[in-house]
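Throughout, protein chains are lettered first and strands after them, A, B, ... in sequence-line order, and every chain is numbered starting at 1.
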2 protein chains.
Amino acid sequence: MKRFDKSSITIKDVAKRAGVAHSTVSLVMNDREHVSPKLRERILKISNEMGYMPNMVARSLISKKSATVGVVFPENPHFFTITYFLMIIDGIQNACKKYDRALMFFSLDQTKGESYYKISRKWLIDLMIILNVDYTRDISKDIRDLKDNGIAFSLVTKYNGKEKVNSVCVDNLEGVRLALEYLASKGHKRIGFISGSPNSADGPERLDAFKVLSKKMGFDQDEDLIVHGDFTFESGEREVPKLLELKKRPTAIFAASDYMAIGAMRAMKAQGISIPGDMALMGFDNTLEVAYVEPPLTTIRQPLQEMGEKAVDLAVRSMNEENFEPQMAVLKPELIKRQSC
Amino acid sequence: MKRFDKSSITIKDVAKRAGVAHSTVSLVMNDREHVSPKLRERILKISNEMGYMPNMVARSLISKKSATVGVVFPENPHFFTITYFLMIIDGIQNACKKYDRALMFFSLDQTKGESYYKISRKWLIDLMIILNVDYTRDISKDIRDLKDNGIAFSLVTKYNGKEKVNSVCVDNLEGVRLALEYLASKGHKRIGFISGSPNSADGPERLDAFKVLSKKMGFDQDEDLIVHGDFTFESGEREVPKLLELKKRPTAIFAASDYMAIGAMRAMKAQGISIPGDMALMGFDNTLEVAYVEPPLTTIRQPLQEMGEKAVDLAVRSMNEENFEPQMAVLKPELIKRQSC
DNA sequence: GTTAACCTATGAAACGTTTCGATAAATCCA
DNA sequence: TGGATTTATCGAAACGTTTCATAGGTTAAC
């Protein structure tokens with residue numbers, strides 16, 4: 001096993017060259033007071049000449065802060081191909097730039113069930129973004145550990161535990177309302193719904209919203225107009241035939257995620273159903289792909305990038321502001337009209 | 001500014017509880033020899049009870065290794081929405097799991113032109129993957145610094161400098177050949193080409209391959225059958241009209257990237273051109289989106305996930321094997337037949 | 001029964017920072 | 001001018017590890 005040891009320039013090297021104590025150089029590097037302007041100037045010049053670069057790891061060890069944003073993501077074989085998450089991450093990366101932090105990723109299956117808190121301790125992550133919590137797993141102890149130890153974090157999902165935490169989510173009721181009102185305006189009153197995963201925050205919320213609003217708006221109320229997916233493409237493709245087989249077919253289908261809508265679209269095409277001619281189709285999320293499908297999918301946009309950025313903003317505030325109360329940011333969805341309705 | 005200081009369990013805490021020196025605990029934690037089985041057992045038990053977790057930062061500082069893979073990515077406003085890179089990253093993440101390393105990202109615009117080497121020193125990154133080198137920037141000094149200091153790295157692009165380095169790329173000549181032979185087999189002999197960015201490795205390579213092969217295969221050789229894009233959607237949309245305006249139109253268009261092909265597709269649709277009825281269209285890459293466009297795009301697959309994984313594999317080997325010679329891995333492309341030809 | 005060889009465990013030093021109390025120098029005020 | 005106050009700089013300690021030379025304690029060999 002090779003080692004690299006040609007050591008790089010440290011704060012002590014700079015100090016020696018400048019003929020001062022290395023603690024003084026440290027003060028300069030951190031823009032702290034109590035250093036005379038001319039000495040500061042001189043040290044800065046020398047450190048530039050020498051190409052000094054602070055060692056973030058040593059800094060991290062002593063200060064117990066890491067200058068990173070740690071993103072914890074759920075077990076998923078091909079996480080980095082799921083554009084839903086990636087748009088959130090794009091927002092997170094934006095924020096990283098703003099706060100000058102590097103980005104670290106931790107996959108839950110890799111960390112073998114280690115708690116969020118343990119991950120943060122292990123890597124001295126002081127700012128953590130938690131994506132898409134699995135509701136079958138009880139994370140309340142974990143959340144408490146994070147809070148008790150003063151680690152700043154946000155969830156990008158709704159959190160139902162009793163602890164007050166930073167979280168960012170979309171207004172699902174409003175999103176479903178936008179969709180249903182739009183479909184109603186197109187004359188639909190018999191609407192099929194493909195629900196999302198019951199083990200998430202969004203799945204049940206959108207389902208409830210659909211039930212409540214479709215009743216209120218006077219749509220057909222048959223039990224079998226609702227089928228149950230899990231947000232994935234495959235589940236959309238699998239579930240939509242149940243709607244198509246109904247003696248009395250819906251005139252529009254609303255899927256609780258874009259992936260399911262695209263899956264449904266494939267299944268519908270396979271049966272020769274024309275969209276929107278024979279049947280209208282709507283999705284939810286506005287992920288990257290949906291502008292490219294044929295027909296381009298009408299959907300409800302979740303402001304995913306904003307959500308990622310906001311999650312970091314909140315965590316940063318709870319780190320910096322003395323009496324910051326953790327908060328839930330509920331962002332507004334938006335109707336994106338394309339050609340599938 | 002709040003601080004979190006409720007300190008966590010360290011190796012010394014475990015040592016104290018076990019009544020041994022902390023260096024002994026260290027030996028146990030690292031599975032090193034020279035510890036009697038029964039003591040090892042006891043220490044392991046105690047450390048589990050106490051929930052000990054090694055501090056990776058301290059470990060990193062002393063060992064000058066970081067247990068991470070650092071990915072350096074090019075300046076790009078929305079990097080995390082570019083599926084081309086993300087598929088590579090998905091492969092890198094796979095490898096991270098395999099080698100039990102965490103993933104770190106460094107955006108070149110954020111690091112404000114810091115050299116790769118400086119980034120690696122700053123964060124003690126000992127394994128680095130460099131995505132998509134900009135050929136207008138001379139990185140040879142940077143590359144030499146990395147090599148001289150024993151930092152393992154791979155480029156995910158072809159590297160033309162004189163230093164031997166790990167790199168992973170696709171066989172562009174073969175890819176273009178697959179595309180052209182397929183088009184020829186469909187009876188095309190007048191083929192328009194949209195080239196990629198001249199500041200990359202792949203752009204000029206695919207362009208040259210097109211020129212050479214299209215001559216060899218006896219296709220029409222008009223200068224204006226070639227237009228110049230930069231791999232982006234917008235450039236495809238912008239450039240393709242030049243081909244459509246030709247007095248003698250091509251019967252097929254081959255774009256050097258999928259994004260350009262999709263852009264071209266939009267422009268062609270806007271002019272009422274039917275694909276593949278009026279004109280065939282091929283892309284290159286097989287990014288995520290192209291299966292969803294209408295018609296689904298026939299393209300040349302780059303094995304992006306494999307490339308990401310291979311890049312890490314090579315870097316790991318050059319770190320672990322005493323006399324490992326850096327190598328260039330040229331992966332084979334593959335023809336993906338869909339419905340645009 | 002002595003010496004050599006080995007194995008286990010130890011303690012100190014090191015990694016590159018930040019922080020903090022102490023000291024020295026400079027400035028102030030009377 | 002001298003004491004008090006402020007400012008500038010320093011040195012040591014700490015962060016949580018790994019590593020390495022060394023000291024005891026066993027065992028093996030003669």
* **Between A/Phe79 and A/Phe85, ring centroids under 6.0 Å** => yes
* Would B/Asp13 and B/Met50 count as a side chain to side chain contact (heavy atoms under 4.5 Å, CB included) if you check the C-alpha gap in whole Å, the side-chain angles of each, and the deciding distance to 0.1 Å? -> CA-CA 9 Å; B/Asp13 298 325; B/Met50 298 179 77; 4.0 Å; yes
* To do: Could you state the atom-to-atom distance from CD1 of B/Ile9 to P of D/dC15 in whole Å?
  => 15 Å
* To do: Let me know the distance between NZ of B/Lys122 and P of C/dG16, rounded to the nearest Å.
  => 17 Å
* Asked: Should A/Ser115 and A/Lys118 count as side-chain neighbours, where that means a heavy-atom distance under 4.5 Å?
  -> yes
* To do: Examine D/dG16: is either OP1 or OP2 under 4.0 Å from a nitrogen or oxygen in the side chain of A/Lys64? Give yes or no.
  => yes
* Asked: Near DNA chain C, under 4.0 Å by heavy atom, which residues of residues 37-53 of chain A?
  -> A/Tyr52, A/Met53
* Would one find more than 12 heavy atoms of other residues, nucleotides or ligands at under 6.0 Å from atom NZ of B/Lys98? -> yes
* To do: Check the surroundings of atom CZ in A/Arg17: do more than 12 heavy atoms from other residues, nucleotides or ligands lie under 6.0 Å from it?
  => no
* Least distance between heavy atoms, A/Met87 atom then A/Gln305 atom -> O-CG, 3.3 Å
* Tell me, which of residues 19-33 of chain B have any heavy atom that sits under 4.0 Å from an atom in DNA chain D? -> B/His22, B/Ser23, B/Ser26, B/Asn30, B/Arg32
* **A/Phe153 six-ring face occupied by A/Arg144 cation (under 6.0 Å, within 45°)** => no
